[in-house]
Amino acid sequence: MSDTMHVGTMVRPGDTHPLRPAPNERPVPLPRRNTDVPGEFVHRPAAEDVLITSWRRLDATHFSLTARWPHDHTYFTPSHGRHHPILTGETIRQAGLLLSHAELGVPVGHHFILGDLVYTTHPERLTVGSSPTEVTIEVTGSRLRMRAGALVSGRFDMSIREEGRIVATGHSSVTVTAPPVYRRIRGARLTARHAGCPVRPPVAPRLTGNADDSDVLLAPCDQPDRWLLRVTPGHAAVVNPANDHVPGMVLLDAAQQAARVVTAPGPFVPYAFGTEFRRYAEHGLPCVIEAHRVPSAIPSTTTVQVTGYQEGEPVFASTLTALDVRT
């Protein structure tokens, strides 16, 4: 649900002074150019998981970024010859985080609560080639609430283009909390981490669209169209060891996998994906993933509603829509 991220001064591309660290937090060097994107700014510890490659401010609320979509990533593997559907969501997430840190005064070490993540893609324009795909991202910030020069909350609307053509549009809404506030919110949960306990056997990878058992996020349940969330310990592309809860992108991928299982044996590649995050998905508590088809408002498409629950309370709700195969 949230991402862990810290302000002093607002940072502009080309600035060379360091961020002002909060007490007891190590300073993070600023990029010397707007083409250096440190993993801390997008909350990805592994360099190969950093998608954003550069950024620049156009005016007070408009920005332009570039990103590189991998063609051979170990986790974001192509699906049916097209880029992994989660790549668009991850790109929107990283772009919002980067701008919050580099342009909107949020220090590394502050925490982000992701309210929603919504996007629509053009599947026919997402074909994977033999090399990475370079995309540009146009971002408009709205409802930006600032306090002492730092973003408190806001919405980022984005258009993603490849060679000038729009391949996806979407938005994310975030709220930022300082470490002391986050500690009060999380309480005893603050020190929770994904434990190395035995992992339940997975749903067959052929049903979820994965190549390996370790990437399957669903375990069979004793009720139809329900599964238990499973996360393989040490899976760097899925779990950030610093998180005290299950990351939102894990829940998005679990929703996608559940939609594929419930629509099997036919392929289900969502072009529209909308998720609302209701509460934190806690480590150590069973998370039940429930999926079912719902009426689709668009002809020749299939829509699936996926909801995650912990202790009977909804954690997230996703709506995914895919083109019917016959089209």
Side-chain angles (χ1 to χ4, degrees), residues 2-22 25-69 87-115 117 134-161 170-179 182 240 242 247-249:
S2 75
D3 284 282
T4 304
M5 295 181 57
H6 142 252
V7 176
T9 55
M10 182 177 295
V11 182
R12 310 281 188 186
D15 285 349
T16 58
H17 58 283
L19 288 174
R20 183 183 305 146
E25 291 182 345
R26 68 181 181 85
V28 176
L30 271 185
R32 292 179 181 173
R33 305 179 305 280
N34 64 347
T35 53
D36 293 333
V37 178
E40 292 94 338
F41 279 16
V42 295
H43 301 185
R44 282 294 186 180
E48 61 268 24
D49 296 335
V50 177
L51 304 178
I52 308 300
T53 53
S54 70
W55 83 95
R56 64 190 176 97
R57 177 189 283 269
L58 303 179
D59 59 35
T61 59
H62 295 84
F63 310 87
S64 178
L65 301 85
T66 61
R68 180 177 295 112
W69 285 353
L87 263 180
T88 300
E90 175 65 9
T91 301
I92 293 172
R93 186 192 76 91
Q94 289 192 19
L97 294 176
L98 171 67
L99 293 176
S100 297
H101 283 308
E103 294 291 340
L104 299 173
V106 177
V108 172
H110 277 48
H111 301 262
F112 285 65
I113 300 173
L114 189 61
L117 182 56
E134 307 291 336
V135 299
T136 59
I137 311 160
E138 300 166 0
V139 182
T140 299
S142 62
R143 309 175 196 168
L144 301 179
R145 291 181 55 234
M146 308 290 288
R147 183 181 300 134
L151 180 71
V152 174
S153 65
R155 168 170 162 154
F156 297 102
D157 287 275
M158 307 190 193
S159 295
I160 302 176
R161 298 175 182 268
H171 75 265
S172 66
S173 301
V174 300
T175 301
V176 185
T177 59
Y182 189 73
N240 183 338
M249 294 308 296

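Just so it is clear, the structure is predicted and the values come from calculations on it, not from any experiment.
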State, yes or no, whether a side-chain contact exists between Val174 and Arg93 at a heavy-atom distance under 4.5 Å.
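Val174 does not reach Arg93 side chain to side chain.
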
Do you know the tightest heavy-atom contact between [X] and [Y]?
X	Y	answer
Ser142	Asp157	OG-OD2, 3.9 Å
Gly89	Met249	C-CE, 3.8 Å
Leu58	Arg56	CD2-NH1, 3.2 Å
Val50	Gly39	CG2-CA, 4.0 Å
Ser100	Phe156	OG-CZ, 3.7 Å
Ser173	His171	OG-CD2, 4.2 Å

Between [X] and [Y] (side chain of the first, backbone of the second, donor and acceptor by atom type, cut-off under 3.5 Å), is there such a pair?
X	Y	result
His101	Val106	yes
Glu138	Arg161	no
Arg147	Ala150	no
Arg155	Thr140	no

Of all residues at least two apart in sequence or in a different chain, which pass the side chain to side chain contact (heavy atoms under 4.5 Å, CB included) check with Glu134?
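Counting only residues at least two positions away or on another chain, Glu134 forms a side chain to side chain contact (heavy atoms under 4.5 Å, CB included) with Arg68.
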
From CA spacing to verdict: side-chain contact (heavy atoms from CB on, under 4.5 Å), Glu90, Leu117:
CA-CA 10 Å; Glu90 175 65 9; Leu117 182 56; over 6 Å; no

Thr175 OG1 to Arg145 CZ distance, which is reported to the nearest 0.5 Å
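Thr175 atom OG1 to Arg145 atom CZ measures 8.0 Å (nearest 0.5 Å).
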
To the closest 0.5 Å, what do you measure between OG1 (Thr53) and CH2 (Trp69)?
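Between atom OG1 of Thr53 and atom CH2 of Trp69 there are 12.5 Å.
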
With Ile137 as reference, evaluate Thr66, Leu65, Ile92, Leu98 under the side chain to side chain contact (heavy atoms under 4.5 Å, CB included) test and give the passing residue.
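The single option meeting the side chain to side chain contact (heavy atoms under 4.5 Å, CB included) with Ile137 is Leu65.
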
Among Leu51, Ile52, Val37, Asp49, the one residue meeting side chain to side chain contact (heavy atoms under 4.5 Å, CB included) with Arg44
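That would be Asp49; it is the only one of Leu51, Ile52, Val37, Asp49 passing the side chain to side chain contact (heavy atoms under 4.5 Å, CB included) with Arg44.
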
